[in-house]
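The block underneath contains the structure these notes are about, expressed in structure tokens.
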Amino acid sequence: MERRRYWLFKSEPDEFSIDDLRRAPQGTQRWDGVRNYQARNFLRDHVKIGDGVLFYHSSTREPAVAGTATIVREGYPDPTASDPGSPYCDENHDPSRPRWYSVNLCFESKFVTPLTRGVLAGHPVLSGMMVMRRGMRLSIQKVRATQWRAVLKLARKLSSKADE
DNA sequence: GCCAACGTTGGC
DNA sequence: GCCAACGTTGGC
């Protein structure tokens, strides 16, 4: 049995936020519009059903890990690539040889207290996350199991503090 | 709004 | 195949 893998998906909350995911039908959403080959390879080849996803809000006043999600459908051709009405439409796209891929993910949790970069930077494990690297703009990133556990633990800790 | 870092494009 | 120019990302 293969080990569960973990990922970080970046999204600008103005475009699509953790709340949007929670409110989606069945809490499930297609992750489309990825137009970077490295991220595409992850979606096409490595992201599997049941994998855990850290939902990261980028390009916003306070970038943060906002919650978690689960992969519910594995890589399949991204329909927006051949949709003339979509801003993600790829003019050179040949549907018989799909170039861009989507997965579906399902809402799992929203953190009461989002884990901001400041908080992550102060953590011995999480300061080493890929997303913390300067200039790192890959929108789908690998997350280590130790990092995943540390994120959930820290999120629980900060949430209980917020309740006091 | 600034700007560093990055990925892509296209001329050669 | 190189690499300069360009557009984009994304933290600050």
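Please read all numbers here as calculations on a predicted model, not as lab measurements.
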| said: Checking A:Thr28 now: which residues fulfil side chain to side chain contact (heavy atoms under 4.5 Å, CB included) with it, not counting sequence neighbours? | reply: A:Gln26, A:Val72, A:Asn104, A:Cys106

| Leading and trailing nucleotides of DNA chain C with any atom under 4.0 Å from heavy atoms of chain A | C:dG7 to C:dC12

| field | Contact list for residues 63-73 of chain A, test side chain to side chain donor-acceptor pair (under 3.5 Å), sequence neighbours left out | value | A:Thr68-A:Glu108, A:Thr68-A:Ser109, A:Thr70-A:Glu108

| message | I need the full list of salt bridge (charged side-chain N to carboxylate O under 4.0 Å, His left out) pairs touching residues 16-28 of chain A, with sequence neighbours left out, sorted by first then second residue. | response | A:Asp19-A:Arg22, A:Asp19-A:Lys110, A:Asp20-A:Arg23

| request: Identify, with sequence neighbours excluded, every residue that meets side chain to side chain contact (heavy atoms under 4.5 Å, CB included) alongside A:Thr80. | output: A:Arg30, A:Asp32, A:Arg35, A:Asp78, A:Ser86, A:Tyr88

| said: Using the side chain to side chain contact (heavy atoms under 4.5 Å, CB included) criterion, which residues pair with A:Arg44? Sequence neighbours excluded. | reply: A:Arg40, A:Asn41, A:Tyr101

| query | Which residues satisfy the side chain to side chain contact (heavy atoms under 4.5 Å, CB included) test with A:Ser59, sequence neighbours excluded? | reply | A:Glu12

Extract all donor-acceptor atom pairs below 3.5 Å that involve side chains of residues 130-154 of chain A and protein atoms in other chains or at least two apart in sequence.
residue  : atom : partner  : partner atom : Å
A:Gln141 : OE1  : A:Val131 : N            : 3.0
A:Gln141 : NE2  : A:Leu138 : O            : 3.0
A:Gln147 : OE1  : A:Arg144 : N            : 2.9

| message | Short of 4.0 Å, heavy atom to strand atom, which residues of residues 123-131 of chain A count as contacting DNA chain B? | response | none

